[in-house]
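Read the structure below first, then the notes.
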Amino acid sequence: MDHGYRIFWAKSGDAEHPEGHPLMAHMLDTAAVARALLLREPRTTRRHYANDFGLDEDRALRLAAFFAGLHDLGKATAIFQVQWPDGAARLRQQGLDWMDQWLPRRGDKNWAAHGVLTEVLTPPLLVGLGVPDEVASQIAVALGAHHGFVSSPREVDHARDALDLENEAWQRLREELVGALWRALGAEPPTVRVLSPQASLRVMALASFADWVASSPEHFPYGRDLSDLSNYLGLAGKLANQALDRIGWLPRTALAAEDVSFEEVFPDFRANALQQQVVTALDRARGPTLIVIEAPMGGGKTEAALYAHTVLQARNGHRGLYVAMPTTATGNAMFQRVKKALLDKFGDRPHDLQLVHGASLLNADYLSLKHVGEPGDDGTVQAAAWFSAKKRALLSEYGVGTVDQALLGVLRVKHHFVRLWGLGNRTIVLDEVHAYDAYTSRLIAGLVRWLWELGSSVIIMSATLTRHQRAQLAAACGAGLPESEAAYPRITVYSQNGLESLGFRWDERKTVGLEAAPTEVGALSRAAAESVRSGGVAALIVNTVDRAQQAYLALGPGEPIAHEGRPVGKRIGDLEVYLFHARYPSIERGLREKTVLGVAGKDGRRPRKALVIATQVIEQSLDLDFDVAYSDLAPLDLLLQRAGRLHRHPSRTRPPKHTRPVLHVAGLGDAPPAPLPKGWGRPYMAYPLLSTWLLLHTRDRLTLPDDIEPLVEATYDARTLDRFPEGLRDVAAKALAALQEQTARDDAVAHNAVLDPPTRLLEKQLANLHSNLGLDDDEESDLPQVALTRLGEPSITVVPAYRMGDELFLDREGVTPLPAKGRPTKEEVLQIAERSIRVSRPGVYRALVKAPPPAAWKTSSILRSWRVLELDANGTARFGRTAVRLDPELGLQYTTVDDAKEG
């Protein structure tokens, strides 16, 4: 029998294999990978596919593998095949022809990518095999997206036009190709008439994942005998398993038995009331479970979440864990804790653990795991290099990173569906959920809904949620809050057994004194320094980087304090002063984070007298413990977080002056800070600042946890407006209206951006921020960056470089040239990344985003969207009236230049 379809090529040939790699071979390889990786999944995952198709497990996996193999059908077209002249010549010899003068070439405006061609060709061929019409159409759109995006109507039109330029022989061979693949895999039609959105997503992601693995000649060498498809498929299955071993896709198995006790997981801990209530909640829950833990700072929520994961994984066949944190710094800290738990508690088999955020390349603990792993008891924790690519990282069994990386799964960026599939049937922990604005909170609700639809369990942790936030999260899982909830602290749990609100005892009461502090930054800084003149470690937390730098300068010069050869602070007499914020190059920010943890962390050295001046970067999740704290006025829920940095470890001996924790708040005097000092309130809206002042200015203390819920609820409650004094009510009313308008705008933007409801997954036209921009993962494009996971001023990553003569250098001393020529090596990429910094000042951003990156950087997925911030030998640059200076001690500074005064 003439199998003419074998003449279609998928990969062009070379000197060793002039025939290229046949399309049927690549389709079978991809199908083999899809089947092999699903066989390494927990049975729960395979049951999802079985339910999706209405088939038993074995037949469902055969059909899923067939769909994955079908992804490149669009390559069996003239518009694709003509790209390799040798292959095109063979096709003409076999009788396939096309209208060459009209056929678009790559780069033409009417070019059609092979994924779009797959979408157009697939439906009638599947229907011919007995697949229901609607399922065939859904599968076609899903497979057409395997290179990252659902195609647009215009792309589909171009694809149809290109197919009209072929002669009839093409369709006959495509039918033979698809029929042969169907028979080789023993596939059967599904019994369902329509696919759910989550079923479509499972096909989309599986096809892309399997294609990535099968496309590697290292794993699937060319030149294998294709004369017997059954034999070929058998060998491809063996190669698929070898490839999965090499990339680190190991069989997913539970960490422990379903009935494991808390003490077995954490033998050094005695479960506190919170953790005991989590055990109770898990006993009552069945199936995938939503758990919302609300408890004071430092209450053991992380241990409770890790324990819950071990139980839920064993009970539900979940495939791993991802812990999503609000910031890079908090992600780094959590990475250490999860890594330790995997090594100490579950070291009986290898575990892949990825650190998933933009600065992971700079984390030494993460880099130490790459390739070689780290020994545990009888197993290892490793970070396989294959998963370190951003879009693949969430496929790893275990991960810790920022919430942004998870949220990209529900925004239409390239291969978002692979991220989302990676989070499916998994335990996802979202920490510090209170820390997000209306826009990001809406995205989180959309993410939770998708996770629930994909069979995941979700654990949400916060010290300060409002009832509105709880209701939003419960609604994402199809539940409503009970009219009467347990008092704070509490656990809200929802599963197949329904929703419960469970309170628990909190024996530890902490009284934090409240005192007013000066608003002017110099006076505030001097007051904070004076508070520890007789001993102690103090924090000064301000709302902006500019104020942090001003506060640091206000204390005057001192003797530099260096760590690893870099400045991290100064010594004024016997007082150590440290500055920590986000506007440092990455390597220096990491160093300062480590320094601050070394000063005020759980096991820090605790200098006799020290002051840490910082922004919100120390507000949450970092285990810092201060004897006294000063703060700008901030929304009350965030002030409570700052108060949580005080006397965090009760057993610690305090200096005599600070035996009682006290939070000094700038602007908490008798008169409210209205209008707010210029730049002081940013990044917060005025109303929560004013309502915080109203609720606190007559108080002299906070009692935790008793005050947490009533104060947080009142801060954002419109009824609080009636409590403002007459002279301030109009100001507060205008601020409340502005807050409500901004919240409504942000929520509307999020509604248009997020793939919620899930039925929007396959929409051809999605009126959102991202669908038509083709954004590659979380990289910026050459366009001004579109807000993705958080709204705010647009920003861009830059690398400061010092101009000295005709050369640019990464260091002020002119020792290390800026790598800008040739393809950057891994070492050079790391060297550049260490100096990277985000810039958001509008005038500076607009100028830099228009400047192209060095040509060599375009070959690097990390560097291609970054820019060079060119500085003079003194570390300064000028953008209109804005002067930029990179100071070794202060970080990136902005000042406004008055040209008239300069002249």
| request: Decide, yes or no, whether a salt bridge links Asp58 with Arg62 under the criterion of side-chain N to carboxylate O below 4.0 Å. | output: yes

| task | Please step through side chain to side chain donor-acceptor pair (under 3.5 Å) for the pair His146 and Asp72, ending with a clear verdict. | result | CA-CA 9 Å; His146 75 271; Asp72 265 355; 3.2 Å; yes

| query | When Glu397 is tested against each of Arg319, Arg426, Arg349 for salt bridge (Lys or Arg N to Asp or Glu O under 4.0 Å), which residue passes? | reply | Arg349

| said: If the threshold is 4.0 Å, N to carboxylate O, is there a salt bridge linking Arg412 and Glu763? | reply: no

| Contacts of His21 that satisfy ring pair (Phe, Tyr, Trp, His ring centres under 6.0 Å) - sequence neighbours left out | Tyr222

| Qualifying residues under side-chain contact (heavy atoms from CB on, under 4.5 Å), relative to Asp225, sequence neighbours excluded | Ser227

| ring pair (Phe, Tyr, Trp, His ring centres under 6.0 Å) with Phe67: which residues, sequence neighbours excluded? | Phe53

| said: Side chains of Gln354 and Tyr366 only: does a donor on one sit below 3.5 Å from an acceptor on the other? | reply: yes

| request: Sequence neighbours left out, what passes side-chain contact (heavy atoms from CB on, under 4.5 Å) with Leu39? Give chain and number order. | output: Arg35, Arg46, Leu61

| request: Establish, yes or no, whether a centroid distance under 6.0 Å links the rings of Trp249 and Phe209. | output: yes

| Ring centres of His415 and Trp421 under 6.0 Å apart? | no

Donor-acceptor pairs are to be reported for all side-chain atoms of residues 128-135 against protein atoms at under 3.5 Å, with residues two or more places apart or in another chain.
none

| Any cation-pi pair here, Arg392 with Trp212, using under 6.0 Å and within 45°? | yes

| query | Between His26 and Asp211, is any side-chain donor less than 3.5 angstrom from a side-chain acceptor? | reply | yes

| request: Output, in order, the C-alpha distance, side-chain angles, deciding distance and verdict of salt bridge (charged side-chain N to carboxylate O under 4.0 Å, His left out) for Arg6 and Glu176. | output: CA-CA 10 Å; Arg6 290 181 180 147; Glu176 291 181 10; over 6 Å; no

| request: Please list, chain by chain and in numerical order, all residues satisfying ring pair (Phe, Tyr, Trp, His ring centres under 6.0 Å) with His147, sequence neighbours excluded. | output: His114

| Distance, nearest 0.5 Å, that separates OG1 of Thr402 from NE2 of His357 | 7.5 Å

